[in-house]
Amino acid sequence: MNAHTRPKVGIFGLTGCAGDQLQILNCEDHLLRLAAELDIVDWVMAKSENDHSCRLDIAFVEGVVATERDLATLRQVRARTRTLIAIGTCAVWGGLPAMRNDLPREVLKHEVYQDGADFLDTVEARPATDFVPVEYRLPGCPIERHEFLELVSALLAGSVPELRQVPVCWECKTSEQVCRVLYHHEVCCGAMTRGGCGARCPSHGVPCSGCRGPVEEPHYDANITMFAGRGISWKEIAARMQHFSAPVWMKLGLEREVDHDAE
Ligand code: SF4
Ligand code: SF4
């Protein structure tokens with residue numbers, strides 16, 4: 001990237017809570033520097049005048065594809081962007097919106113809107129990364145500001161961003177927290193979850209529910225066996241793990257065990 005040319009940047013949201021875009025706005029002291037170093041040309045959440053068609057050097061996209069319009073937006077962004085980055089667990093893994101993909105859309109729509117849901121064109125919620133190739137993935141629910149800033153700095157320096165690969169357990173152990181599994185017999189997903197949050201939940205006495213998505217080689221079966229070995233019911237294990245890891249959980253085929261447990 002030419003040091004004298006500010007890269008053209010776009011920031012986009014598909015279906016989601018917009019929490020990742022808010023995290024960018026929350027960069028506070030760093031915002032002026034970001035505004036000076038990046039030419040943010042398309043960001044409807046933060047600007048009233050935007051260029052929706054120019055070529056982009058860098059684009060960030062958050063959220064899941066849950067409507068046909070999401071998919072059209074995502075494809076359009078991909079087509080005009082050199083370096084596309086999926087931000088947030090929804091865009092990278094599906095996150096909370098993908099949690100109930102096991103239920104038909106019609107059932108979900110009725111639960112929320114009763115009979116007034118005809119205007120909705122929702123489809124099964126899936127991560128943006130299922131539909132288009134991306135150069136980088138920055139998970140988090142929401143993303144961590146320091147990881148976002150590190151990634152931007154690396155891109156501006158023309159280097160390859162190095163994203164954290166250690167599990168939450170590593171951060172938890174190195175900050176000397178009491179283990180929620182060993183000492184409290186709780187379902188804590190820290191061993192399967194990618195670190196970067198500084199083990200925020202165990203540091204506050206709460207088990208990790210896996211909001212940053214899985215590490216590269218998560219040992220789901222070993223962890224489930226460990227939880228069950230501590231007397232935790234299959235039903236509780238399933239309830240705790242399905243927040244962010246639902247697709248993997250389903251693949252394990254353990255719903256059968258959960259049914260059995262519930263009998
Ligand atoms: S509390 Fe959770 S994150 Fe911390 S060491 Fe135990 S399993 Fe890992
Ligand atoms: S400890 Fe787990 S649930 Fe809590 S913020 Fe970190 S990854 Fe998310």
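Order of appearance sets the numbers: ligands from 1, and atoms from 1 within every ligand. Here, residue 1 is the first one in the sequence, and each next residue gets the next number.
With a cut-off of 2.8 Å, atom 2 (Fe) of ligand 2 has no N, O or S atom of Cys201 in range. Within the 2.8 Å limit, Cys211 places no N, O or S atom next to atom 4 (Fe) of ligand 2. When distances to atom 4 (Fe) of ligand 1 are checked against a cut-off of 2.8 Å, Cys188 contributes no N, O or S atom below that limit.
With ligand atoms numbered from 1 in the order given, ligand 2 contributes 1 (S), 5 (S), 6 (Fe), 7 (S) to contacts under 4.0 Å with heavy atoms of Cys197. Counting the atoms of ligand 2 from 1 in the order shown, those under 4.0 Å from a heavy atom of Thr193 are 7 (S). Every atom of ligand 1 with a heavy atom of Val181 under 4.0 Å away is listed here by number and element: 7 (S). Counting atoms of ligand 2 from 1 in the listed order, those under 4.0 Å from a heavy atom of Pro202 are 1 (S).
With respect to atom 1 (S) of ligand 1, the closest heavy atom belonging to the protein is Arg180 N, 3.0 Å. Looking only at heavy atoms of the protein, atom 8 (Fe) of ligand 1 is closest to Cys169 SG, 2.2 Å. For atom 6 (Fe) of ligand 1, the nearest non-hydrogen atom of the protein is Cys179 SG, 2.4 Å. The nearest heavy-atom contact from the protein to atom 4 (Fe) of ligand 1 is Cys172 SG, 2.3 Å. Protein heavy atom at the shortest distance from atom 3 (S) of ligand 2 is Ser209 N, 3.3 Å. Protein heavy atom in closest approach to atom 2 (Fe) of ligand 2: Cys208 SG, 2.3 Å.
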Q) Between Glu37 and Arg33, does a salt bridge (Lys or Arg N to Asp or Glu O under 4.0 Å) hold up when you go through it step by step? A) CA-CA 6 Å; Glu37 292 179 344; Arg33 179 175 64 80; 3.1 Å; yes

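Proximity of Ile24 to Ile143: side-chain heavy atoms (C-beta onward) are separated by under 4.5 Å at one or more points. Looking at Ser209 and Cys189, their side chains never come closer than 4.5 Å, going by heavy atoms from C-beta outward.
Contact annotation: Gly196 has no heavy atom less than 4.0 Å from any atom of ligand 2.
Ionic pairing of Glu150 and Arg145 is not present here: no N-O contact between side-chain nitrogen and carboxylate oxygen is shorter than 4.0 angstrom.
Closest of all the heavy-atom pairs between Glu171 and Val166 is CG-CG2, 4.4 Å. The nearest pair of heavy atoms linking Met241 to Tyr220 is CE-CD2, 3.6 Å.
No more than 12 heavy atoms of other residues, nucleotides or ligands shown are found within 6.0 angstrom of CZ on Arg69. Within 6.0 Å of atom NZ in Lys47, more than 12 heavy atoms from other residues, nucleotides or ligands are found, so the atom counts as buried in its surroundings.
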